[in-house]
Student: 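Pasting a structure below so you can have a look.
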Amino acid sequence: MFSGPPPSDYFAIFGIEKKLALDVEDLQRRFYDNSRAWHPDRHARAGAEQLAYAEEASATLNDAWRALRDPVTRAEYVLKAEGFNIGEQRGRDVPPELLEEVFALNMALEEAREGDAQAKDDVAASLAKFEGLLREIDAERDRIFQAYDANPNRETLAGLRALLNRRKYIQNLVRDARAALA
Amino acid sequence: MSLFQIDFGNEDKPHKVVGIDLGTTNSLVAFMDLTAPKVIPGPDGNPIVPSVVSIPEHGEPIVGSAAMSRLISHPDRTIYSVKRLMGRGVADVQEELKLFPFHIAAGSESVIQLELGGKRFTPPGISAQVLRQLKKNAETYLGESVDHAVITVPAYFNDAQRQATKDAGRIAGLQVMRLVNEPTAAALAYGLDKRNNGIVAVYDLGGGTFDISILKLHDGIFEVLATNGDTHLGGDDFDNLLLRVALEDIASEWGVDLSGDQVAVQTLRRAVIDAKHQLSTLAATTIAFHYQGRAYRRELTRDVLEKLITPIVNKTLGPCRSCMADAGVTPEQIDEVVLVGGSTRIPLVRQAVRALFKAEPHTELNPDEVVAMGAAVQAGILSGHVHDKLLLDVTPLSLGIETMGGVVSKLIHRNSTIPATAAETFTTAVDGQRNVLIHVVQGEREMVRDCRSLARFDLKDIDPVPAGMAKIEVRFLIDANGILNVSAKDLRTGKEQTVEVKPSYGLSDEQVEAMILESFAKAEEDFNERQVREARVEADRILNAVDKAKGDDAYMELSDAERATVDNSIAELLLAYHGENHHLILDKMEALNKATMKLAELMMNTAVRGALKGTKIDA
Ligand SMILES: Nc1ncnc2c1ncn2[C@@H]1O[C@H](COP(=O)(O)OP(=O)(O)O)[C@@H](O)[C@H]1O
Ligand SMILES: [Mg+2]
């Protein structure tokens with residue numbers, strides 16, 4: 001028989017401790033192993049109770065895999081678990097320190113669309129700058145991840161939310177710039 | 001591995017589970033034969049059962065090829081491509097109504113009611129006829145009863161369409177163990193898992209639907225990364241286009257518009273389909289159509305066909321690109337491409353696929369059979385015969401609930417691996433409020449009006465508390481079939497909360513139950529009918545024999561009274577013969593047997609004497 005409901009915690013369902021810096025390959029291996037064990041198709045001939053357990057465990061596992069494989073959604077999950085309010089992120093407002101750069105990129109994108117060959121170089125230059133920023137943000141993010149894993153308290157995460165918002169915003173700019181150059 | 005133990009102890013003895021491809025155009029059934037899937041032939045030796053059902057004036061519905069020939073002789077009693085109507089309301093199918101000879105009755109808002117020969121049928125009811133035929137074919141072939149099945153559906157089918165397919169299975173007396181997406185089934189059949197960690201694209205263009213799925217393979221796990229498609233795109237669209245062109249052509253040549261003449265339209269439809277098929281291998285052919293003493297012949301080249309259908313073929317490319325984007329792969333990362341569905345025999349389609357994915361597509365397996373074979377593999381997984389494979393599929397459409405101002409709040413995103421869950425807490429707006437109504441929709445758009453309504457869930461008998469105090473947690477679970485299940489809990493009391501489901505489209509549970517009962521009653525009726533039929537065959541035999549015996553010399557040896565008894569018994573048997581009670585027929589046969597016993601003996605003696613005489617002569 002099954003002892004109680006399957007765990008609802010995303011880390012627990014993988015049988016791992018709560019950590020922000022994760023080995024995604026290891027996570028994927030666990031995802032496949034646990035899927036083999038729990039997927040309802042493996043319990044099709046079992047009683048209703050076992051089947052319900054399998055369905056529940058699989059569903060949580062699938063949701064957990066979706067959330068934890070990506071550093072951003074993983075961080076969001078932990079932020080939420082630590083009681084931070086993570087509302088709908090629009091990523092529309094320009095971070096003030098980026099105003100000038102964003103303006104320059106938008107100008108260049110506009111000119112490139114109108115067929116200005118020179119503008120493409122400007123887009124490329126902007127793109128390089130933003131890609132550099134992304135790398136910095138990721139490095140900062142990883143530092144926070146490690147700090148939290150070493151000492152999991154709420155305060156460590158204070159700056160993470162803002163950092164992720166900034167990242168989302170820049171990521172969108174990078175996507176647009178790449179599309180314009182492609 | 002896991003921290004959690006699962007008890008594998010109490011598994012039942014495996015039943016035979018078959019795999020069924022319930023197609024728009026053609027349907028097939030397959031099973032796992034030792035280690036490989038195998039399609040099951042029908043009585044005519046052909047595994048393909050055309051998804052056509054005809055309702056004759058008397059007797060059983062006719063299914064398959066026999067029904068297909070009735071498309072021309074009885075167009076008003078015969079229906080095809082009914083899959084296009086599954087899980088839909090009349091407002092959804094206005095386009096098909098222009099092109100298909102569906103007669104839809106009033107009151108078809110949430111379930112379409114088809115009128116055939118003065119009777120009413122629902123799409124699941126018609127599909128159940130096709131399933132019953134496949135079940136029968138499987139039972140005859142396997143020599144055992146078949147009550148469990150895996151049925152395939154287009155990957156892009158929504159909740160209502162899946163539910164309708166499941167209902168059809170139940171009406172046909174099948175326990176539907178699982179609905180599997182057609183492209184995923186095809187991938188299973190190909191056994192491409194031999195290669196590790198490959199990325200596979202499955203392009204499925206059949207008669208009525210188009211699906212594209214991208215899968216990642218990993219040691220026997222088939223993980224669907226993304227799926228996309230169009231439930232209204234396929235070979236039917238080519239046919240309708242060619243049909244329209246030919247009708248216009250005929251109108252200008254003959255000066256008559258045949259588009260309202262069902263017999264003419266169905267005959268011409270057959271002719272253009274034949275031409276379309278030929279052009280997959282030939283460069284040119286002729287559309288030949290004879291009608292009421294007139295002949296129409298039109299040369300059609302592959303070039304012209306390709307020009308005509310290019311816009312339709314191109315409509316498949318957008319979903320392919322979206323699918324790759326959602327899967328996060330580029331064409332270069334795709335290792336294998338698999339073609340499924342009869343319409344992928346068209347060279348232009350193959351060319352489009354090759355150009356898009358920059359790969360030579362697989363066509364080794366018969367595109368008509370591969371989906372049913374995959375369904376059989378999945379049946380093997382469920383019945384415990386196949387251990388090394390596992391399918392991780394996704395939901396094709398996002399699931400959301402209606403919020404203020406008709407805006408959708410998404411709970412489960414498209415391409416989420418299923419089973420998938422989401423929970424949402426609801427409260428009350430007014431003091432003492434007893435009900436909360438939740439409107440669930442499927443689709444990708446922001447506004448409710450642009451999505452498809454799935455169902456309304458009524459949370460009932462909420463404890464009366466001040467506004468905002470109630471806390472009802474509603475759990476949405478999309479199961480492995482891609483079908484939504486909803487449960488709710490009152491977080492204050494911890495009690496399960498009653499949820500009443502009002503599906504926006506489809507049959508209610510009661511309706512399905514009623515149809516199952518009706519089919520049982522039907523089965524009884526059928527059984528009785530068969531017994532009467534068999535009794536009559538027997539009676540014919542006896543009546544013929546007695547008739548012949550009356551000409552024998554022995555008959556004159558009977559007394560007048562004996563001859564009168566024989567005549568009486570014959571008359572009584574004839575009376576019973578025309579009734580519907582097989583017991584009575586059997587009784588009267590018995591009586592006639594008795595009445596003719598002496599006659600039979602006399603004839604036997606005569607025969608023996610004759611034989612002895614013959615012996616003497618010979619000697
Ligand atoms: N040789 C062919 N050339 C072109 N189209 C074909 C050919 N053979 C079959 N088809 C088309 O394939 C469709 C049926 O494919 P199938 O995979 O059986 O469909 P479904 O899954 O919708 O039942 C029909 O539109 C039929 O006309
Ligand atoms: Mg098909």
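Nothing here was measured: the structure is a model prediction, and the numbers come from that model. Chain A is the first sequence line, chain B the second, and so forth, proteins listed ahead of strands; every chain is numbered from 1.
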Student: Could you state the interatomic distance from NE2 (B:H148) to CZ (A:R45), rounded to the nearest 0.5 Å?
Tutor: 11.5 Å
Student: May I ask you to check whether B:T421 and A:D63 show a side-chain donor-acceptor distance below 3.5 Å?
Tutor: yes
Student: Can you establish whether the number of heavy atoms outside B:M447 located under 6.0 Å from its atom CE is more than 12?
Tutor: yes
Student: Should A:S35 and B:L392 count as side-chain neighbours, where that means a heavy-atom distance under 4.5 Å?
Tutor: yes
Student: Is any side-chain heavy atom of B:D219 closer than 4.5 Å to a side-chain heavy atom of A:R36?
Tutor: yes
Student: What pair of heavy atoms forms the shortest contact from A:R66 to B:T417, and how long is it?
Tutor: NH1-N, 3.0 Å
Student: What do you reckon, is CD of A:E17 surrounded by more than 12 foreign heavy atoms closer than 6.0 Å?
Tutor: no
Student: Could you tell me if the side chain of A:F31 sits less than 4.5 Å from the side chain of B:E223, heavy atoms only?
Tutor: yes
Student: Taking side chain as everything from C-beta outward and backbone as N, CA, C, O, which of these in B:L477 sits under 4.5 Å from a heavy atom of chain A? Side chain, backbone, both or neither.
Tutor: side chain
Student: So, A:R42 side chain and B:H387 main chain: donor-acceptor pair closer than 3.5 Å or not?
Tutor: yes
Student: Heavy-atom count around A:R154 CZ within 6.0 Å, excluding the residue itself: above 12?
Tutor: yes
Student: Looking only at heavy atoms, what is the nearest atom pair of B:L391 and A:D41, with distance?
Tutor: O-OD2, 4.5 Å
Student: Just wondering, more than 12 heavy atoms not from B:K410 lying within 6.0 Å of its NZ?
Tutor: yes
Student: Is the number of heavy atoms from other residues, nucleotides or ligands within 6.0 Å of NZ (A:K18) greater than 12?
Tutor: yes
Student: For B:P419 versus A:H39, what's the shortest heavy-atom pair and its separation?
Tutor: CD-NE2, 4.3 Å
Student: Kindly check if the number of other-residue, nucleotide or ligand heavy atoms within 6.0 Å of CD (B:E496) is above 12?
Tutor: yes
Student: Within the supplied structure, the quantity of interest is the number of heavy atoms (other residues, nucleotides, ligands) at a distance under 6.0 Å from A:E25 CD; does it exceed 12?
Tutor: no
